[in-house]
Amino acid sequence: EVPAYLNAADFAFCLHKPHKYSHAYSPIKNGEYWACGLPTIIPENIGDDSQIITQTNLGLIISKKRLNPNIRNLNLMKSDSKTEEIRSLSKRYRSITTTLSAYKKIIFNKY
């Protein structure tokens, strides 16, 4: 039922608060949002996700400098072509292969 509820939304929020260790986060929910094609509003410095959104321009970054994101930009991202681009983020960054590779590096120290 979760995909049905997520797909009813126009955008998603990542509500993690940035701090000195937040660069090490990997919020699972963001991958789920992306799999549903949802542009995400996320604070800066949250794992790789903030950087991915900055590079792809498929969501909005909230920073201390810019506390009020332009919501109209998120609505523009809800076109079918943008939805598919956002879905591709989950395949690229949250696939089983990517996750398995990361775990091997961490657990078996195989870089």
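Count residues from 1 along the sequence. Atoms considered below: every heavy atom in the structure, side chains included; atoms not considered: hydrogens, waters and symmetry mates.
The list of salt bridge (charged side-chain N to carboxylate O under 4.0 Å, His left out) pairs with a residue in residues 50-63, not counting sequence neighbours, is empty. Residue pairs meeting the salt bridge (charged side-chain N to carboxylate O under 4.0 Å, His left out) criterion with at least one partner in residues 27-39, sequence neighbours excluded, are Lys29-Glu32.
Between Thr83 and Cys36, the closest heavy-atom pair is CG2-O, 4.3 Å. Residue Phe11 comes nearest to Leu38 through the heavy atom pair N-CD2, 4.0 Å, listed as atom of the first residue, atom of the second, then distance. In this structure, Glu84 and Arg87 approach most closely via the heavy-atom pair OE2-NH1, 2.8 Å.
Tyr25 and Tyr21 sit in two unconnected hydrophobic clusters of ILVMFWY residues. Membership requires side-chain heavy atoms under 4.5 Å apart, directly or through other members.
We find the CZ-CD distance between Arg92 and Glu85 to be 8.5 Å, quoted to the nearest 0.5 Å. For the atom pair SG (Cys14) and CD1 (Ile61), the distance works out to 9.0 Å, reported to the nearest 0.5 Å. To the nearest 0.5 Å, the span separating CD1 on Ile28 from CZ on Arg94 amounts to 9.0 Å.
For the side-chain contact (heavy atoms from CB on, under 4.5 Å) test, residues two or more places apart in sequence or in another chain that qualify with Ser95 are Thr97, Thr98. By the side chain to side chain donor-acceptor pair (under 3.5 Å) test, Thr99 pairs with no residue at all, sequence neighbours left out. Not counting sequence neighbours, the partners of Pro18 by the side-chain contact (heavy atoms from CB on, under 4.5 Å) test are Ser22, Pro43, Ile46.
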| Does the side chain to side chain contact (heavy atoms under 4.5 Å, CB included) test come out yes or no for Trp34 and Tyr93, once each step is laid out? | CA-CA 10 Å; Trp34 295 343; Tyr93 296 106; 4.3 Å; yes
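The side-chain heavy atoms of Asp49 and Pro27, taken from C-beta on, include a pair separated by under 4.5 Å.
Remark: Leu100 CG is packed, more than 12 non-hydrogen atoms of other residues, nucleotides or ligands lying under 6.0 Å away.
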Could you list the donor-acceptor pairs under 3.5 angstrom formed between side-chain atoms of residues 51-58 and any protein atom two or more places apart in sequence or on another chain?
from: Thr54; atom 1: OG1; to: Ser50; atom 2: O; distance (Å): 2.9
from: Thr56; atom 1: OG1; to: Ile52; atom 2: O; distance (Å): 2.9
from: Thr56; atom 1: OG1; to: Leu58; atom 2: N; distance (Å): 3.4

